Trainee: 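Next up is a structure, given as structure tokens.
Order of the sequence lines fixes the chain letters, A, B, ..., with proteins taken first and strands second; residue numbering starts at 1 for each chain. None of these values were measured; they are calculated from a predicted model.
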There are 2 protein chains.
Amino acid sequence: MRASRAAAGGLRLELVSVLTVNRLSVYLRSLRALEARGVRSVSSHQLAEEFNLSASQIRKDLAQFGEFGVRGVGYGVAELAAKISHLLGLDLSRRVVIVGMGNLGTALARYPSFNAESFLVVAGVDSDPGKTGRKVGRVPVHSRRDLARVIAESGATMAILAVPADAAPAAHAELAAAGIRAVLNFAPVSLPSTRTCRVKNLDLRVHLEELAFFLEDGDGS
Amino acid sequence: MRASRAAAGGLRLELVSVLTVNRLSVYLRSLRALEARGVRSVSSHQLAEEFNLSASQIRKDLAQFGEFGVRGVGYGVAELAAKISHLLGLDLSRRVVIVGMGNLGTALARYPSFNAESFLVVAGVDSDPGKTGRKVGRVPVHSRRDLARVIAESGATMAILAVPADAAPAAHAELAAAGIRAVLNFAPVSLPSTRTCRVKNLDLRVHLEELAFFLEDGDGS
DNA sequence: TCATGTGAAGCAGTTCACAGCG
DNA sequence: CGCTGTGAACTGCTTCACATGA
């Protein structure tokens, strides 16, 4: 059985803030760390203290999805972790294709976090014939031209875009047309989300530049 | 001469919003694309239209740093690009060390965006002796134990952290102690910024999980 | 008693609408 | 006239403070 995540409180997933969702991931990470140490119960204040978070924000974030805590006590670590994991849809397994097997695409194909139970990189494609026909870790690399077929045959619903900027828009369009529902885009172009295909743009250069902005000039040459 | 970026309007860099700074990077990217096409002048509305941005937000963002536009006309593409590049501190060159030469660290050492004029990866370190003494692209890999010496000798002021979660806090402390002023942290732990060392936490898994949250359950198994 | 869950307050970020200027 | 630059309105996010309930 796959209980709908929204069903519980009549909540519309689409109107939860991205900021809240990102913090849920962080809460889950933190809870897993406590679990590994054998901690059974934790208060919002303890969580905040140890992991550089805000106690009231933790409570507000969680309250949107139900009442998971016990007043006067705190939250059950394992129960809350399970609940957040379910909210994030991590108790399902999503098949992922990688478009562009350059430096970054290759690293992500081998990246352990992208190959646990919740996500499974099933294939990569690249336009360079020298890269196709091989395997990167467990991931077979196909021709860029076979993208639609690879998606159909693998049943992938998510994609990682790791191609140069000029190749990204066409790849994005093909992914959406082939039924991909979510794209993590590392190319340095802002691709728009549509109703059927959500895009998360993640240009790594932007974040290096953010750091550079706040750095004093004396730190460069 | 290195004119202080804040000097112009008596602006305190520290109180500019991260969101604004990230958008400056995107504006710069967009302007470079126009420049390559030979476009000389552009209005905020044209920029917004073509690159999925907001016209009033572009104007508000830029207005914090001065008056760069011409009323009734728009912005000079090359001039604005130069101005934003200067604001972001990209006309300086920052030396960067990578801690952890696993999948991701290795990919970033070869990543072209991290090795243009503004950023230069000068060295990597890894705790695995099998990885040290080699070169990844142009980047020499040293022993993790030599981190402080590598930083001192290379004059690096920025670092990329690409180690497992449990190794990250110690590495972070060492980086700060060795004089590193900015850290891009890919490890799945939230490291705090201090007054002397700014940290940008960038856990890739968080962003895959964001996409999973908004995906319907039917898209997994 | 103690920590959650929550309305209300406060703050930050975005959009609007138009005055100002080339 | 057209587009920038900007106060004012608005929206959304975070923090506060306390009523609620184990």
Side-chain angles (χ1 to χ4, degrees), chain A residues 8-27 30-31 34 39-77 79-80 83-84 87 190 210 213, chain B residues 8-27 30-31 34 39-77 79-81 83-84 87 190 210:
Chain A
L11 181 82
R12 244 165 286 269
L13 251 50
E14 274 300 316
L15 37 90
V16 175
S17 151
V18 167
L19 298 172
T20 297
V21 176
N22 288 171
R23 282 191 301 264
L24 288 180
S25 292
V26 174
Y27 302 158
S30 307
L31 291 165
L34 293 178
V39 178
R40 299 296 215 72
S41 174
V42 70
S43 71
S44 60
H45 188 73
Q46 286 173 289
L47 258 182
E49 182 82 3
E50 180 156 356
F51 299 98
N52 308 304
L53 307 167
S54 146
S56 58
Q57 190 158 68
I58 292 169
R59 297 199 301 275
K60 256 281 195 292
D61 284 337
L62 297 178
Q64 295 179 60
F65 304 102
E67 307 204 352
F68 306 137
V70 181
R71 290 171 196 235
V73 179
Y75 301 91
V77 171
E79 296 90 310
L80 186 56
K83 187 71 198 176
I84 294 177
L87 278 171
S190 299
E210 174 191 324
F213 177 90
Chain B
L11 180 81
R12 244 166 286 272
L13 251 49
E14 274 299 319
L15 37 90
V16 176
S17 149
V18 167
L19 297 171
T20 297
V21 176
N22 288 171
R23 282 191 299 265
L24 288 180
S25 291
V26 174
Y27 302 158
S30 307
L31 290 165
L34 292 177
V39 178
R40 297 298 213 70
S41 174
V42 71
S43 71
S44 59
H45 188 73
Q46 287 173 289
L47 259 182
E49 183 81 4
E50 181 158 356
F51 299 98
N52 308 306
L53 306 167
S54 145
S56 57
Q57 189 158 67
I58 292 169
R59 297 199 302 275
K60 256 282 195 293
D61 284 337
L62 297 177
Q64 296 178 60
F65 305 103
E67 307 203 353
F68 307 137
V70 181
R71 289 170 196 240
V73 179
Y75 300 90
V77 171
E79 297 90 311
L80 185 55
K83 187 71 198 175
I84 294 177
L87 278 172
S190 300
E210 174 191 325

Trainee: What's the separation between atom CZ in B:Phe65 and atom CD1 in B:Ile84, rounded to the nearest 0.5 Å?
Mentor: 9.0 Å
Trainee: Name each donor-acceptor pair under 3.5 Å that joins a side chain in residues 46-55 of chain A to protein atoms two or more places apart or in another chain, with its distance.
Mentor:
{"residue": "A:Gln46", "atom": "OE1", "partner": "A:Ser43", "partner atom": "N", "Å": "2.9"}
{"residue": "A:Gln46", "atom": "OE1", "partner": "A:Ser43", "partner atom": "OG", "Å": "3.3"}
{"residue": "A:Glu50", "atom": "OE1", "partner": "A:Arg37", "partner atom": "NH2", "Å": "3.4"}
{"residue": "A:Glu50", "atom": "OE2", "partner": "A:Arg37", "partner atom": "NH1", "Å": "2.7"}
{"residue": "A:Glu50", "atom": "OE2", "partner": "A:Arg37", "partner atom": "NH2", "Å": "3.3"}
{"residue": "A:Asn52", "atom": "ND2", "partner": "B:Ser190", "partner atom": "O", "Å": "3.1"}
{"residue": "A:Ser54", "atom": "OG", "partner": "A:Gln57", "partner atom": "N", "Å": "3.1"}

Trainee: State which residues pass side-chain contact (heavy atoms from CB on, under 4.5 Å) with A:Val18; sequence neighbours excluded, sorted by chain then number.
Mentor: A:Asn22, A:Arg198, A:Lys200, B:Glu210, B:Phe214
Trainee: Just so I know, are the side chains of A:Tyr75 and A:Leu31 near enough to count as touching, which here means a heavy-atom distance under 4.5 Å?
Mentor: no
Trainee: Please list, in 5' to 3' order, the outermost nucleotides of DNA chain D lying under 4.0 Å from any heavy atom of chain B.
Mentor: D:dG2 to D:dA8
Trainee: Residues two or more places apart in sequence or in another chain: which of them pass salt bridge (Lys or Arg N to Asp or Glu O under 4.0 Å) with A:Arg59?
Mentor: none
Trainee: What distance do B:Tyr27 atom OH and B:Asp61 atom CG have between them, rounded to the nearest 0.5 Å?
Mentor: 3.5 Å
Trainee: Produce a footprint string for nucleotides 15-22 of chain C: one letter per nucleotide, 5' end first; B if the base is under 4.0 Å from any protein heavy atom, S if only the sugar-phosphate is, - if neither.
Mentor: BBB--BBB
Trainee: Using the test side-chain contact (heavy atoms from CB on, under 4.5 Å), find all partners of B:Ser17 that sit at least two apart in sequence or belong to another chain.
Mentor: B:Leu19, B:Thr20
Trainee: Is the shortest side-chain N/O distance from B:Arg23 to OP1 or OP2 of C:dG13 below 4.0 Å?
Mentor: no
Trainee: What is the minimum heavy-atom distance between B:Val73 and B:Ser41, and which atoms define it?
Mentor: CG1-OG, 3.9 Å
Trainee: Nearest-Å distance, CD (A:Gln64) to P (C:dG7)?
Mentor: 13 Å
Trainee: Under 4.0 Å between any heavy atoms, over every strand shown, what does A:Leu19 touch: base, sugar-phosphate, or nothing? Just pick one.
Mentor: sugar-phosphate
Trainee: Let me know the distance between CD1 of A:Ile58 and P of C:dT6, rounded to the nearest Å.
Mentor: 16 Å
Trainee: For the pair made of CG in B:Asn22 and P in C:dA12, what is the distance, rounded to whole Å?
Mentor: 18 Å
Trainee: If I take atom CG in residue A:Leu62 and atom C1' in nucleotide C:dT4, what distance separates them, rounded to the nearest angstrom?
Mentor: 10 Å
